[in-house]
Amino acid sequence: MNGCLAGKKALIIGAGGGMGKSISATLAKEGVTSVLLGRSETSLAETADACAKQGTPGVPLTFDIAQLGSIEKIVSEATDTLGGLNFLINCAGVYAGGAAHEVDLDTWDKKLDINLKAHYYFIRYAAPTINKNPGGAIIKIGSVASSYPGGGMHLLSTYAQNGYMNAVFEDVREYGTKVCIIRPGFVNTQMSRSDSLNSDLMIQPDDIAHTVLYILTMSETGCPTEIVMLPQKSPYRAD
């Protein structure tokens, strides 16, 4: 158990997914107690069990982050449950595509609500508590940015996340709060599964978890504000 993290408290958004589960269990091994936020009660229970096996509890809390008006309340509930808050780690996100002249606007708005608006709502309500103690952190798991037909919605939310996190760092850096966006390529999660891709060659959820740990344990004199990760070898299957 890493002494510098033992006793710290985290709110992990999207804790029921592949990356969220790995991050939660990795932090539990280091002595971090987490509130596990997600939509699936079953998935959160599995993550809580993984945390318990590592020796530190994870507290599941079912919540749909698309409910923007309830985010302030859920952050308050999580903070009260933990008795404070040191880390906010957001793994949640959705993918939707569509040509600019054809895209469904309701789908567009839903994607922006989940991938962007919810993200800054959580920061707005969690950062004041995180900033109270040096060594806090705000981490967003985003995505690499690349242009392709029908990818406008994805590209817009990706660039917006990057820009916003840069601004957040400037706002909170003097409190000693680290801010970083991790931008991976294909990660072996349900969202990336495809017959054209070899999941064994993708970035693995544990790779993301170890990167989060790297950020949280970095010296107080440095902050990695953006980390781009690509699969070491191409995961595309040969024709």
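Below, each value reflects all heavy atoms present in this structure, side chains not excepted, and no hydrogens, waters or symmetry copies.
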So, applying side chain to side chain contact (heavy atoms under 4.5 Å, CB included) with L37, which one of T62, L44, I89, I74 is it? I74

Taking all non-hydrogen atoms of both residues into account, name the closest pair between [X] and [Y] and its distance.
| X | Y | value |
| --- | --- | --- |
| P224 | I215 | CG-CG1, 4.0 Å |
| A48 | G58 | CB-O, 3.5 Å |
| L116 | A160 | CD2-CB, 3.6 Å |
| K9 | L82 | CE-O, 3.2 Å |
| S157 | N115 | OG-ND2, 3.9 Å |
| A10 | L85 | C-CD1, 3.9 Å |

Out of curiosity, [X] [atom1] to [Y] [atom2], how far, rounded to the nearest 0.5 Å?
| X | Y | atom1 | atom2 | answer |
| --- | --- | --- | --- | --- |
| Q161 | L156 | CD | CG | 10.0 Å |
| T26 | L5 | OG1 | CG | 11.5 Å |
| N166 | D171 | CG | CG | 11.0 Å |
| I12 | L27 | CD1 | CG | 5.0 Å |

State, with a plain yes or no, whether a side-chain heavy atom of [X] is found less than 4.5 Å away from one of [Y].
| X | Y | answer |
| --- | --- | --- |
| M165 | T225 | no |
| I208 | S22 | no |
| I130 | F87 | no |
| V212 | I182 | yes |
| T47 | S24 | yes |
| K8 | C4 | no |
| F122 | L88 | yes |
| M202 | V187 | no |

For K117, all residues meeting salt bridge (charged side-chain N to carboxylate O under 4.0 Å, His left out), sequence neighbours excluded: D113

Set of salt bridge (charged side-chain N to carboxylate O under 4.0 Å, His left out) partners for D104, sequence neighbours left out: none

Should [X] and [Y] be counted in the same cluster of Ile, Leu, Val, Met, Phe, Trp and Tyr side chains packed under 4.5 Å apart?
| X | Y | answer |
| --- | --- | --- |
| L155 | I114 | no |
| V32 | M218 | yes |
| I13 | L68 | yes |
| L11 | I181 | yes |
| Y214 | I203 | yes |

Under the criterion side chain to side chain contact (heavy atoms under 4.5 Å, CB included), I'd like the reasoning laid out for V59 against S34: C-alpha separation, chi angles, the key distance, then a yes or no. CA-CA 6 Å; V59 182; S34 300; over 6 Å; no

With a 6.0 Å cut-off (strictly less than), is the heavy-atom count around CD of E220, excluding the residue itself, greater than 12?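 Not more than 12 within 6.0 Å, no.
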
If you count every heavy atom of other residues, nucleotides or ligands that lies below 6.0 Å from Q232 atom CD, does the total exceed 12?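 12 or below, so no.
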
Between the side chains of T221 and S219, is a donor N or O closer than 3.5 angstrom to an acceptor N or O?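 Result is yes, a qualifying pair exists.
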
Report all side-chain donor-acceptor pairs from residues 131-144 shorter than 3.5 Å, counting only partners two or more places apart or in another chain.
residue : atom : partner : partner atom : Å
N131    : OD1  : T177    : OG1          : 2.7
N131    : ND2  : A127    : O            : 3.2
K140    : NZ   : A92     : O            : 2.8
S143    : OG   : H154    : NE2          : 3.2

Which residues satisfy the side-chain contact (heavy atoms from CB on, under 4.5 Å) test with S70, sequence neighbours excluded? F63, Q67

Do any pairs count as a salt bridge (charged side-chain N to carboxylate O under 4.0 Å, His left out) and have a residue in residues 41-50, sequence neighbours left out, and if so which ones?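 For residues 41-50, and leaving out neighbouring residues, the salt bridge (charged side-chain N to carboxylate O under 4.0 Å, His left out) pairs sorted by first residue read D49-K53.
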
So which pairs with a foot in residues 65-80 pass salt bridge (charged side-chain N to carboxylate O under 4.0 Å, His left out), sequence neighbours left out? none

Distance-only, no hydrogens or angles: does the [X] side chain make a donor-acceptor pair with backbone N or O of [Y] under 3.5 Å?
| X | Y | result |
| --- | --- | --- |
| D207 | Q204 | yes |
| K178 | G222 | yes |
| R183 | M229 | no |

Please lay out, stage by stage, how Y164 and F169 fare under the test ring pair (Phe, Tyr, Trp, His ring centres under 6.0 Å). CA-CA 9 Å; Y164 181 59; F169 174 69; over 10 Å; no

